[in-house]
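Chain letters run A, B, ... following the sequence lines, proteins first, then strands; residues in each count from 1. All of these numbers come straight from a predicted model, not from anything done at the bench.
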2 protein chains.
Amino acid sequence: MKLTIEYLQETLKGRFELSLLQELVEVGQFKRAPVGSYLIRPGEYIRSVPFIIRGSVKIMRPDQEGREALLYYLGGLDACAMSLTCCLGSKRSEITAVVEEETELIAIPVEKIDDWLCRYSTWKQFVFQTYQKRFDNLLMTIDEVIFHKLDERLLAYLQKKVASCQCTVLNITHEEIAQELATSREVISRLLKQLEKNGQIQLTRNKITMLA
Amino acid sequence: MKLTIEYLQETLKGRFELSLLQELVEVGQFKRAPVGSYLIRPGEYIRSVPFIIRGSVKIMRPDQEGREALLYYLGGLDACAMSLTCCLGSKRSEITAVVEEETELIAIPVEKIDDWLCRYSTWKQFVFQTYQKRFDNLLMTIDEVIFHKLDERLLAYLQKKVASCQCTVLNITHEEIAQELATSREVISRLLKQLEKNGQIQLTRNKITMLA
DNA sequence: CAGCCTATGTAACAATTGTCACGGAAGCCT
DNA sequence: AGGCTTCCGTGACAATTGTTACATAGGCTG
């Protein structure tokens, strides 16, 4: 699809000035990314920063043994701070970005990130806001892992998921959850069963329904 | 102490252009911070960003119950990214910064951070480099906590400490370590004893000597 | 030296998390 | 229906981490 000023004005209303929108239309590349597709893989160089218009993207952190833990989600009007730093420092990515729900995004070429920074104060603001949000995300993730037990983390995980997909029925297997929380399937099954006993969720194959 | 161009040229050699150094001399405030002093407390507004010339500063993350876990260390020529985001978004600090070893720093007023960003490309570079380093630090911390067990984390902790203070004898109590790793003193004592049995360290009161 | 405070050692037990083994259930395909 | 694959439930046990309780040791102060 081709980007238009009208589309941008509608989706980003008031966030950026007109002249910036015009540049965005020129250099930005609109993309629709299907569920499960990878926006970024660890080790890759990043040539464009994804600016998410709508949808949901999962940011994960891999380790050497092939495990991959969830860091946080990006949603509408978010941008990936990791990409920003990688671009500006031309380093390889240290994270994975997977589309969680069908996502529309604008790919912005690296050069422009820097170029716009001093020419558009709204852009500068946006970039720094992005950094701040990502720091907050990371800190919250760290809090979870350091200070909370698995059952609490699991519940928080489910709630985040619900918030991100806007519906109370999650289509997900225990195995997937286990991977994102960096533990084993059996442990997750056990804890989920506990939550079910407490009346907080309902379990069926490939599906978890939040009740609370 | 009063800042001088000569001092900055010596300590920051080549990193910033002369005109920026001149501004730094004018608006920056040189400070010497003793061990144990707080540069930032959670909940505070931040009016100046600490740019560390020499020494070591510990960045910690508190939780509601008064626990406080170590995130990472800042050393020479580092700046605190948290301060940056807080300033630019005028938000309260979410972390604690404590001086680990006698530190010399330059306090830079908030307004200047933004002001210089577009006027000095070396400054812009520095700011983004700072963000990137802090992201890396946080990611490494997350890796530790998510993927590694306490004994490995403890060893990594000790090694980081050794690297940061440049000597193999650490003056620290088990209790302090326990707090920074968000666990209990007994657990740390147990694991330290294990390390001692393995011949990796030597324990005496208030002191841990690294052997490996 | 006696008294006191802090740091450390350690046993015993509880709780949490990880692993193994296996059985059953749900859905799909032919 | 029968066979196959994937997902889930669960018991049993191991390993790790947390907690309680108390003993001992080092070092300081009067």
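When the side chain to side chain donor-acceptor pair (under 3.5 Å) test is applied to B:T168, no partner is found at least two apart in sequence or on another chain. Listed by chain and residue number, nothing satisfies the salt bridge (charged side-chain N to carboxylate O under 4.0 Å, His left out) test with A:R92 (two or more places apart in sequence, or in another chain). Residues forming a salt bridge (charged side-chain N to carboxylate O under 4.0 Å, His left out) with A:D151 (at least two apart in sequence, or on another chain): none. In terms of the salt bridge (charged side-chain N to carboxylate O under 4.0 Å, His left out) criterion, B:E6 has no residue partners (sequence neighbours excluded). Partners of B:Y157 by ring-ring contact (aromatic ring centres under 6.0 Å, His included), not counting sequence neighbours: none found.
What separates CG of A:L191 from C1' of C:dT17 is a distance of 9 Å, to the nearest Å. Straight-line distance from the CZ atom of B:F147 to the C1' atom of C:dG18: 16 Å, rounded to whole Å. In this structure, A:D151 places its CG atom 11 Å from C1' of C:dA15, rounding to the nearest Å. Here the C1' atom of nucleotide C:dA15 and the CD atom of A:Q194 are 13 Å apart, to the nearest Å. The nearest whole Å value for the distance from the CD1 atom in A:I146 to the C1' atom in D:dG18 is 17 Å. Taking atom CG of B:L150 as the reference point, atom P of C:dT17 lies 13 Å away to the nearest angstrom. Taking atom CD1 of B:I188 as the reference point, atom P of D:dT16 lies 15 Å away to the nearest angstrom. For B:H148 and D:dT17, the NE2 to C1' distance is 18 Å, given to the nearest whole Å.
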What N/O pairs connect the protein and nucleotides 4-8 of chain D at under 3.5 Å? Give each pair on its own line.
{"from": "D:dT6", "atom 1": "O2", "to": "A:R205", "atom 2": "NH1", "distance (Å)": "3.4"}
{"from": "D:dT6", "atom 1": "O2", "to": "A:R205", "atom 2": "NH2", "distance (Å)": "2.8"}
{"from": "D:dC7", "atom 1": "O4'", "to": "A:R205", "atom 2": "NH1", "distance (Å)": "3.4"}
{"from": "D:dC7", "atom 1": "O4'", "to": "A:R205", "atom 2": "NH2", "distance (Å)": "3.4"}
{"from": "D:dC8", "atom 1": "OP1", "to": "A:N206", "atom 2": "N", "distance (Å)": "3.0"}
{"from": "D:dC8", "atom 1": "OP2", "to": "A:H174", "atom 2": "N", "distance (Å)": "2.9"}

Taking only nitrogen or oxygen atoms into account, show me every contact under 3.5 Å that the protein makes with nucleotides 11-14 of chain D, one pair per line with its distance.
none

Sequence neighbours left out, cut at 3.5 Å: what donor-acceptor pairs do the side chains of residues 194-207 of chain B make with other protein atoms?
{"from": "B:E196", "atom 1": "OE1", "to": "B:K193", "atom 2": "NZ", "distance (Å)": "2.9"}
{"from": "B:E196", "atom 1": "OE2", "to": "B:L203", "atom 2": "N", "distance (Å)": "3.0"}

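Using a 4.0 Å cutoff on non-hydrogen atoms, no part of residues 60-70 of chain A comes near DNA chain D.
Within the structure, every pair that satisfies the side-chain hydrogen bond (donor to acceptor under 3.5 Å, both in side chains) test and touches residues 24-34 of chain A, not counting sequence neighbours, is listed here: A:R32-A:E104. Sequence neighbours left out, the pairs with a member in residues 71-80 of chain B that pass salt bridge (Lys or Arg N to Asp or Glu O under 4.0 Å) are B:D78-B:K133, B:D78-B:R134. Here salt bridge (Lys or Arg N to Asp or Glu O under 4.0 Å) pairs that include residues 168-189 of chain B, with residues two or more places apart or in two chains, are B:K58-B:E180, B:K161-B:E180.
Regarding contacts with the backbone of D:dT17, every side-chain N or O of B:S184 stays at 4.0 angstrom or more from both OP1 and OP2.
Using a 30° and 60° split on the angle between ring planes, B:W123 and B:F16 fall in the tilted class, from 30° to 60°.
One distance of note links CD1 of B:I113 with OG1 of B:T130; it measures 9.5 Å at 0.5 Å rounding.
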